[in-house]
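Following: one structure in structure tokens, then a few remarks.
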Amino acid sequence: MTGGTTGATCRICGGTVQECLDLGRQPVSNAFLEPKDAGRETFYRLTVGFCTSCTMVQQLEEVPRDAMFRTDYPYRSSLSTAMRDHFEGVAQHFLDEVLTGPDPFLVEIGSNDGVMLNTIGRAGVRHLGVDPSRDAAEVARRQGTRVLVDFFEESTARAIRAEDGPADVIYSANCFSHIAYIGSILRGVDVLLAPEGLFVFEDRYLGDIIEQTSFDQIYDEHFYLFAVHSVRAMAERFGFELVDVTRLAVHGGAIRYTVARPGVREPSAAVHAMLADERRRGLAREETFLAFGAGIERIRADLVKLLGELRADGRRVVGYGATSRSATVTGYCGIGPDLVPFICDSTPEKQGRITPGSHIPIRPPEAFRDPYPDYALLFAWNHAEEIMAKERAFREAGGRWVLYVPDVHVR
Ligand code: SAH
Ligand code: TMP
Ligand code: ZN
């Protein structure tokens, strides 16, 4: 086991973190292996707790960042049409509404393959992506996007400020919550952000995760599970103010948070409404997590039962979407190649490899049709609409999708 235990101290406020969920021994989720390396993966204990002072939900054990985000980190944002459209919309919004002053400058933390920045770059606006995953960054660079291959933190922010000056917008999607050392990021934002600048970030929403019992959203990279309460407290602790929140349907439910220096903008009505809603729902209360934990156990029992029955009936089941989330599902439910002989995935970097921990082979989408299985376990349920449309012929041929969010069901 690697990764130092953080104990029960909140990484943001130093308060006490009360453990409330134990998903067991899990591998680094995006470390898809060559078959010959089976057994060489890194494991850690996937446990979640909430801070009794600032309410931030966080993991208790941290995986070293270099074990997750390496040169060959395989995730590519641009592979989903829906996400490409989403980020084009984000870029267009910044271009039309925010980056309107003279010679504006935008920095993105976790720019991956340039899915958002490419639009900013094409518009001729000064920009810089920061991302330690070199192979993904090279994809962005080939399209003319400017990327610094490094981890964003306080020291990186100082170097950028010295070279490029202050940023009007600092943007980050599905990355800020991945960073255990989040204080260094926020001090970096303080160094780099222009006085009237905006720090905008999008991350999965704790409220949606609990509501849908989407426990597979919990894996090494999702170190924090943000909610409006906890993000507001975090922003204030580092000298900022949460001024706006927008709910997003992407990735099974997320929120776009807008943070500014105090006094730059009045917090919107949406912030107040979401705070009241979270209070009503008791989002960071122990009982909420006990019920969530019970829901997770129910899903595990139902899914294992269904897959066992299908196997006993001689039905062929394959997986669809070798997501990082599938590591938590297969690991927690004990699903291996005996129940799901392979998973199809469109990512070339994942094909030919096996899933970490559960050792399920990953094949290209063509393997799905050759011939169609009886059932497909949809690990990429957050892309259900796009995938089901693409694979319409599977259902027309009598195939059925198995989903486990918000409960185990066949479609
Ligand atoms: N923003 C994209 C990519 C999300 S994947 C999207 O929403 O689809 C998360 C990305 O964050 C990875 O490419 C990873 O390399 C990067 N990352 C992780 N820690 C980082 C850090 N400290 N600074 C910058 N990028 C980081
Ligand atoms: P994500 O849920 O983390 O975005 O990962 C989705 C995974 O599913 C990723 O590995 C790519 C894969 N995928 C397909 O195989 N086919 C598709 O049509 C889509 C949208 C994703
Ligand atoms: Zn705290």
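Counting begins at 1 with the first residue of the sequence. Start at 1 and go down the list; that is how both ligands and their atoms are numbered.
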Nitrogen or oxygen atoms of R325 and ligand 2 under 3.5 Å apart: yes

Heavy atoms from other residues, nucleotides or ligands near CD of E163 exceed 12 (cutoff 6.0 Å): no

Which is it for F379 and Y320 under the ring pair (Phe, Tyr, Trp, His ring centres under 6.0 Å) test, yes or no, and what are the steps along the way? CA-CA 6 Å; F379 291 112; Y320 206 109; over 10 Å; no

So does E366 have more than 12 non-hydrogen atoms from other groups sitting under 6.0 Å from CD? yes

Hey, are E221 and Y73 close enough side-chain-wise for a donor-acceptor pair under 3.5 Å? yes

Could you walk me through whether F226 and Y205 satisfy the ring pair (Phe, Tyr, Trp, His ring centres under 6.0 Å) test, starting with their C-alpha distance in whole Å, then the side-chain angles of each, then the deciding distance to 0.1 Å, before giving a yes or no? CA-CA 6 Å; F226 287 164; Y205 179 40; over 10 Å; no

Quick one: does S80 get an N or O within less than 3.5 Å of an N or O on ligand 2? no

Are E108 and S172 close enough that a side-chain donor and a side-chain acceptor fall under 3.5 Å? no

Under a 4.0 Å heavy-atom limit, does N382 contact ligand 2 with its side chain, its backbone, both, or neither? side chain

Among all protein heavy atoms, pick the one closest to atom 4 (O) of ligand 2 and tell me residue, atom and distance. H383 NE2, 2.8 Å

To atom 18 (O) of ligand 2, the nearest of H251, K390, E386 on a heavy-atom basis is K390

I need the atoms of ligand 2 closer than 4.0 Å to a non-hydrogen atom of G321, numbered in the order shown. 8 (O)

So F151 and F69, would you call those rings parallel, tilted or perpendicular, with 30° and 60° as cut-offs? perpendicular

In terms of heavy-atom contacts, does CZ of R298 have more than 12 from other residues, nucleotides or ligands at under 6.0 Å? no

Quick one: which of A384, S346, P364, S324 has a heavy atom closest to atom 21 (C) of ligand 2? S346

Anything with a heavy atom under 4.0 Å from ligand 1 counts, so go ahead and list those protein residues by chain and number. F69, Y73, Y75, S77, F87, E108, I109, G110, N112, V130, D131, P132, S133, F151, F152, A173, N174, C175, I179, Y181

Would F201 and Y171 satisfy ring pair (Phe, Tyr, Trp, His ring centres under 6.0 Å), going step by step from the backbone distance to the final call? CA-CA 6 Å; F201 52 96; Y171 176 71; 9.4 Å; no

Quick one: does ligand 2 sit under 4.0 Å from the side chain of Y75, the backbone, both or neither, non-hydrogen atoms only? side chain

Using the side-chain contact (heavy atoms from CB on, under 4.5 Å) definition, which of the options T323, V329, N382, L23 pairs with D216? V329

So between D345, N174, V250, N30, whose heavy atom ends up nearest atom 10 (O) of ligand 2? D345

Could you tell me if any non-hydrogen atom of R76 lies under 4.0 Å from any atom of ligand 2? no

Residue, atom name and distance, where the atom is the protein heavy atom closest to atom 5 (O) of ligand 2: T323 CG2, 3.6 Å

Side chains of E88 and H93: any donor to acceptor distance under 3.5 Å? no

Please work out which of the three classes, parallel, tilted or perpendicular, describes the rings of F50 and F289, given edges at 30° and 60°. parallel

Work out whether the distance between some heavy atom of M83 and some atom of ligand 2 is less than 4.0 Å. no

Pair T47, Q59 - check side-chain contact (heavy atoms from CB on, under 4.5 Å), show working. CA-CA 6 Å; T47 46; Q59 293 188 29; 5.8 Å; no

What about the rings of F199 and F176, do their centers lie closer together than 6.0 Å? yes

R134 CZ: over 12 foreign heavy atoms closer than 6.0 Å: no

Contacting atoms of ligand 2, where contact means under 4.0 angstrom from a heavy atom of K350: 9 (C), 10 (O)

List nothing but the number: protein N/O/S atoms under 2.8 Å from the Zn ion (ligand 3). 4

Take atom CZ of R65 as the centre, draw a 6.0 Å sphere, and report whether it contains more than 12 heavy atoms from other residues, nucleotides or ligands. yes

Report the part of T347 (side chain from C-beta onward, or backbone N, CA, C, O) that has a heavy atom under 4.0 Å from ligand 2; answer both or neither where that applies. side chain

